[in-house]
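Contents: one structure, followed by commentary.
Residue numbers count from 1 along this sequence. In each ligand, atom 1 is the first atom listed, and ligand 1 is the first ligand listed.
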Amino acid sequence: MNWGFAGYGRIARKFEEGLNHIGHDIVAIASRSGASDINNSIASYDNYEDLMNDPNVDIVYVNTTHNTHAKLTIAALNAGKHVLCEKPLATSAQDVKEMISVARANERFLMEAIWSRYLPGYQKAMKLIKSGVIGDILHINANFGFRMDPGAPKKRLIDPKLAAGAIWDVGIYPISLAQDIFVDDPVSMHVDAQLSEMNVEDRCAIQLSYDSDRFAQLTCAINLNTVNDAVITGTKGHMIMKDFWKCERFILIASDEESEHHYPMESTGLCHEAIACKDLIEAGQVQSPLISWDHSTQLAKIMDKAINMARD
Ligand SMILES: NC(=O)c1ccc[n+]([C@@H]2O[C@H](COP(=O)([O-])OP(=O)(O)OC[C@H]3O[C@@H](n4cnc5c(N)ncnc54)[C@H](OP(=O)(O)O)[C@@H]3O)[C@@H](O)[C@H]2O)c1
C-alpha cells in the first residue's frame, strides 16, 4: 500500500518515521511551502491537487491545519484514494457527515487519526476495563494540556482562521476516551474556558454527564502543562492510564490489589494506526471498528457544542 502525504509538517515527519519502521512505502508528498529534504525516490508536489491525481498513491495521509481537513479529504476520496486524516476529522459535525457520505459513495476507507486508540497500552487498558475488572464505570477524569512556546506560538494553535484552539487540538483525546468507555451521547455538558485574545480556547474544562450517575470531567490546554493521566473509576476499582494519550503504562487497582502494566509503543507510536489502515483496507473495510464513522461523528457533535459554549 502506497502512502501520499497532504502536508509535510511536524507530525508528518513523525508519521514518516513510523512508516519507515514498518516498511510501508511513501510515494508522494505535497507541501505548498516546499519540502527540500524529500528523498529523491518520492514524488514531490507544491500543490495538493497533483497528489490527488498521482496514480501511484493508494492512501492519502491528510496532516494539514484543521481548517483544511474536510476539503482535502473529500478531494482525495473523490480521486479514488483511501484517507487517514489527522484529528479532528473536520471542524463541524456537518463536514464530518459529508466526508463520510463521500467515503461511502466512493467505497473508500476513511479514518480519523486518533493514534492513541491503536497503541498497545491503550488497547490493553480498554480490554481490561471492558471485561469488567473494575466494575461498572461511573467516573472518568482525563486531561491533556501542554504549554506552547509563548514567545513563538505555532500559528495553527492560535489563529482562528486555521481552526485553532485547545478543544480541536488536544481536547479531542479525552473526549474520545470518554466516548470509548461511555459510548452513549452525553445528555448534558458544562464548559468553562479561558479564551485567548483571538477568542479561541487556551484552556478548557468540560464536564459530560451521561445519566444520573456517569460523569466525565475532562480538561485540555495549549498554555499549561497538566498531568495528562486518565483516572477511570468503576464500582470495583480504578484504572490509571499514565499519559493516556500516548499510553504505555497503566496502574490497575482492583480487588484491593494494585498492579502496574507496561506496553511499549513501537517507533514513534504512529505506526500502529498505519498497520491498522493497511489491514482494514486489505480486508475490504471502509472504516475502523475502533475509530468508527459513528465515533468521529459523535466527537464532532460534542466538540461543536463545547466550542460554542466555550466561545459564547
Ligand atoms: N497525532 C498526533 O500526535 C498529532 C500531533 C500533532 C499534531 N497533530 C495533528 O496534525 C495536523 C498537523 O499538525 P502539525 O503539528 O504537524 O502542523 P504543522 O507542523 O504546522 O504542519 C501543518 C501543515 O499544514 C499545511 N497547511 C495547509 N494549509 C495551511 C495554512 N493555511 N497555514 C499553515 N499550514 C498549512 C502546511 O503545509 P504547506 O507547506 O502545504 O502549507 C504544513 O505542512 C493537525 O491536524 C494536528 O491536530 C497530530
Looking only at non-hydrogen atoms, the one of Tyr48, Tyr8, Tyr45, Phe5 nearest atom 40 (O) of ligand 1 is Tyr48
Parallel, tilted or perpendicular: rings of Tyr263 and His261 (30°, 60°):
parallel
Indicate yes or no: does an N/O atom of Gly9 lie under 3.5 Å from an N/O atom of ligand 1? yes
min-distance protein heavy atom vs atom 16 (O) of ligand 1 -> Ile11 N, 2.9 Å
Going by the 4.0 angstrom heavy-atom rule, the piece of Lys161 near ligand 1 is neither
Within-shell test, Tyr173 vs ligand 1, heavy atom, strictly < 4.0 Å | yes
His69 heavy atoms within 4.0 Å reach ligand 1 at atoms 45 (O)
re atom 48 (C) of ligand 1, the protein heavy-atom contact at minimum distance is Glu86 OE1, 3.2 Å
Would you call Arg147 and Asp202 a salt bridge, using N to O less than 4.0 angstrom? no
The answer for which part of Arg156 has a heavy atom under 4.0 Å from ligand 1 is side chain
Under 4.0 Å between heavy atoms, the region of Trp168 that gets near ligand 1 turns out to be neither
- prompt: Is the Phe15-Tyr61 ring centre distance short of 6.0 angstrom?
  reply: yes
Between Asp46 and Arg32 (salt bridge meaning N to carboxylate O under 4.0 Å), is one present in this structure?
no
One finds that the ligand 1 atoms under 4.0 Å from a non-hydrogen atom of Ser31 are 38 (P), 39 (O), 40 (O)
Should the heavy atoms of other residues, nucleotides or ligands under 6.0 Å from CG of Asp136 be counted, would the total exceed 12? no
Has Gln194 got more than 12 heavy atoms of other residues, nucleotides or ligands less than 6.0 Å from its CD? yes
Inset, instruction - Kindly confirm or rule out an N or O of Ala12 lying under 3.5 angstrom from an N or O of ligand 1. - result: no
> Got an N/O contact under 3.5 Å between His66 and ligand 1?
Replying inline: yes
The protein heavy atom nearest to atom 30 (C) of ligand 1 is Arg32 NH2, 3.6 Å
In ligand 1, the atoms that come under 4.0 Å of a heavy atom of Lys154 are 14 (P), 15 (O), 17 (O), 18 (P), 19 (O), 20 (O)
side-chain contact (heavy atoms from CB on, under 4.5 Å) with Ile59: of Lys278, His82, Met111, Arg108, only one passes, and it is His82
*Run the contact test for Lys246 against ligand 1 with a 4.0 Å cut-off on heavy atoms, strictly below, and give the result.*
no
### Salt bridge present between Arg156 and Asp169 (N-O < 4.0 angstrom)
yes
So the atoms of ligand 1 within less than 4.0 Å of a heavy atom of Leu162 turn out to be 30 (C), 31 (N), 32 (N)
Self-check item: cation_pi(Arg13, Tyr8) dist<6.0 Å, angle<=45
Solution: yes
Looking only at protein heavy atoms, what sits closest to atom 6 (C) of ligand 1 is Arg10 NH2, 3.6 Å
So, are Asp180 and Arg117 salt-bridged, with charged N and O less than 4.0 Å apart? yes
If we number the atoms of ligand 1 from 1 as shown, the ones under 4.0 Å from a heavy atom of Asp169 are 47 (O)
Interatomic distance, CG@Asp243 vs CG@Asp229, rounded to 0.5 Å, equals 6.0 Å
When you compare the side chains of Thr233 and His238, does any donor N or O come within less than 3.5 Å of an acceptor on the partner? yes
Checking heavy atoms under 4.0 Å, the part of Trp115 that sits near ligand 1 is side chain
Among non-hydrogen protein atoms, atom 33 (C) of ligand 1 lies closest to Thr65 CG2, 3.8 Å
Honestly, for Thr64 the part within reach of ligand 1 (heavy atoms, under 4.0 Å) is both
Quick look: Lys14 vs ligand 1, heavy-atom contacts under 4.0 Å, and the answer is neither
- Query: Above 12 or not: heavy atoms from other molecules or residues under 6.0 Å from CD of Glu260?
  - Reply: yes
Does this structure show an ion pair linking Arg214 with Asp184, if we count only N-O contacts that are shorter than 4.0 Å?
yes
The answer for which part of Lys155 has a heavy atom under 4.0 Å from ligand 1 is neither
Q) Above 12 or not: heavy atoms from other molecules or residues under 6.0 Å from CG of Asp256? A) no
protein heavy-atom neighbour closest to atom 39 (O) of ligand 1 works out as Ser33 OG, 2.4 Å
In this structure, atom 12 (C) of ligand 1 is nearest to the protein heavy atom Asn63 O, 3.1 Å
